[in-house]
Amino acid sequence: MRKAVYPGSFDPVTFGHLDVIRRSAALVDELIVAVLQNNNKNPLFSAQERVKILREVTKDMNNVRVETYSGLSIDFVRKCGAKFLVRGLRAITDFDYELQMAQTNRIMAPDIDTIFLTTSLEYAYLSSSTVKEVAYYGGDISRFVPPEVEKAIVKKMHHGEG
Ligand code: ADP
C-alpha cells in the first residue's frame, strides 16, 4: 500500500492546502494529513480544533486520514509506515526553507522521499497567516477558506470559542 504524509500547521486549512491534499491523495492509496502540535507557534486553533476542521473539509475524500503529531515529521512518517512526505510549494520564497528541510530529512531518513506539489496558480498567494489577518480586521475570507473554516474563525475571533 502506497502511503504519504502531508505534515503542516494548518492553522487554519486554506483552499491552497486543500488543493495539495486533493492532488496528492490521487497519487497514493492513503494520505495522512498530519497536524503539528506546535505549541511554540502560538496557534489560533488548538491541534484538536485543526484536526476537527480538517476532518470535516476532507470527509468526501475516502483515502484521506487526519492525525496530530509532535516531534520530527520523518519519525511520524515512519510510524505511519509511509514512504513519502508531501509539501506544497507556493512561490520561490518557500523554496529555500523547503529545500533545506527536505535535504536535512533526507540525511536523517534516506528511506523517505519528499514530494513537492506546486500550488495551483489561483492559490499561489494564499497563506494561513494572511487569512487570519484579513479575518481579524473583518475582511471577507470566503474566497480563501471553506465555509467551515470561515465559521470557526469568526467564532474564535469574536467569541473566543473553538
Ligand atoms: P508549516 O508551518 O509546516 O509551513 P503550513 O500549514 O503553513 O505549515 O503549510 C504546510 C504545507 O503546505 C507547506 O509545505 C506549505 O508550503 C504548503 N502550503 C501552504 N499554503 C499553501 C498554498 N496556498 N498552496 C500550496 N501549498 C501551500
Side-chain angles (χ1 to χ4, degrees), residues 3-28 31-58 61 64-80 82-106 108-109 112-136 139-150 152-153 156 162:
K3 286 191 199 177
V5 173
Y6 178 26
S9 307
F10 306 104
D11 185 41
V13 60
T14 68
F15 284 141
H17 295 125
L18 275 175
D19 179 47
V20 172
I21 291 173
R22 204 174 285 281
R23 285 160 56 215
S24 52
L27 301 174
V28 291
L31 177 74
I32 298 136
V33 179
V35 176
L36 178 64
Q37 281 185 295
N38 46 353
N39 301 330
N40 53 344
K41 263 195 172 177
N42 194 16
L44 177 64
F45 292 102
S46 72
Q48 287 317 321
E49 288 167 338
R50 286 178 266 154
V51 166
K52 186 169 168 255
I53 295 171
L54 270 160
R55 285 189 179 146
E56 263 172 50
V57 299
T58 57
M61 301 180 218
V64 174
R65 205 151 52 87
V66 185
E67 305 285 346
T68 54
Y69 79 105
S70 53
L72 289 176
S73 301
I74 46 162
D75 287 342
F76 186 72
V77 174
R78 281 215 181 102
K79 205 174 124 199
C80 294
K83 285 269 173 275
F84 306 105
L85 195 159
V86 175
R87 295 288 288 176
L89 282 178
R90 278 164 293 195
I92 204 82
T93 42
D94 281 338
F95 189 79
D96 247 11
Y97 172 71
E98 293 291 342
L99 185 71
Q100 211 173 21
M101 212 159 60
Q103 305 286 32
T104 310
N105 284 340
R106 184 133 190 84
M108 294 190 293
I112 295 166
D113 265 315
T114 302
I115 298 181
F116 291 108
L117 290 188
T118 51
T119 186
S120 302
L121 268 184
E122 69 249 60
Y123 305 129
Y125 60 91
L126 251 187
S127 76
S128 299
S129 38
T130 312
V131 166
K132 284 183 277 193
E133 200 170 329
V134 172
Y136 182 79
D140 176 12
I141 54 169
S142 62
R143 276 167 301 171
F144 310 142
V145 295
E148 292 87 342
V149 174
E150 201 184 344
I153 288 193
K156 172 78 74 181

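Counting starts at 1 for both ligands and their atoms, in listed order. Each residue takes its place number in the sequence, starting with 1. None of these values were measured; they are calculated from a predicted model.
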So between A124, G88, S129, P12, whose heavy atom ends up nearest atom 26 (N) of ligand 1?
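Shortest heavy-atom distance from atom 26 (N) of ligand 1: G88.
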
Does atom [atom1] of [X] have more than 12 heavy-atom neighbours, drawn from other residues, nucleotides or ligands, at distances under 6.0 Å?
{"X": "E122", "atom1": "CD", "result": "yes"}
{"X": "Y136", "atom1": "OH", "result": "no"}
{"X": "K3", "atom1": "NZ", "result": "yes"}
{"X": "R22", "atom1": "CZ", "result": "no"}
{"X": "D140", "atom1": "CG", "result": "yes"}

State, with a plain yes or no, whether a side-chain heavy atom of P12 is found less than 4.5 Å away from one of K132.
yes

Flag side-chain contact, heavy atom, 4.5 Å: E98 against T114
no

Aromatic ring pairing F15/Y123, orientation class (parallel under 30°, perpendicular over 60°, tilted between):
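Geometry flag for Y123 against F15: tilted rings.
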
Which atoms of ligand 1 sit under 4.0 Å from any heavy atom of [X]?
{"X": "G8", "result": "3 (O), 8 (O), 10 (C)"}
{"X": "Y123", "result": "22 (C), 23 (N)"}
{"X": "F10", "result": "6 (O)"}
{"X": "G16", "result": "22 (C), 23 (N), 24 (N), 25 (C)"}
{"X": "V20", "result": "25 (C), 26 (N)"}
{"X": "L126", "result": "20 (N), 22 (C), 23 (N)"}
{"X": "D94", "result": "16 (O)"}

Nearest to [atom], what protein heavy atom do you find, and at what distance?
{"atom": "atom 7 (O) of ligand 1", "answer": "H17 NE2, 4.1 Å"}
{"atom": "atom 20 (N) of ligand 1", "answer": "R90 NH1, 3.3 Å"}
{"atom": "atom 24 (N) of ligand 1", "answer": "T119 OG1, 2.9 Å"}
{"atom": "atom 8 (O) of ligand 1", "answer": "S9 N, 3.0 Å"}

What closest approach, in Å, do I112 and R106 show between heavy atoms, and which atom pair accounts for it?
O-NH1, 3.5 Å

Do any nitrogen or oxygen atoms of [X] lie less than 3.5 angstrom from nitrogen or oxygen atoms of ligand 1?
{"X": "S128", "result": "no"}
{"X": "S127", "result": "no"}
{"X": "Y97", "result": "no"}
{"X": "Y6", "result": "yes"}
{"X": "D11", "result": "no"}

Please list all pairs meeting salt bridge (Lys or Arg N to Asp or Glu O under 4.0 Å) that have one or both residues in residues 65-74, counting only residues at least two apart or in different chains.
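The answer is E30-R65, R65-E67.
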
Cationic N near anionic O, under 4.0 Å, D75 to K79
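Between K79 and D75 there is no salt bridge, as every charged N stays at least 4.0 Å from the carboxylate O atoms.
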
Mind checking whether R87 contacts ligand 1 via backbone (N, CA, C, O), side chain (CB onward), both or neither, at a 4.0 Å heavy-atom cut-off?
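R87 to ligand 1: contacts from backbone and side chain alike.
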
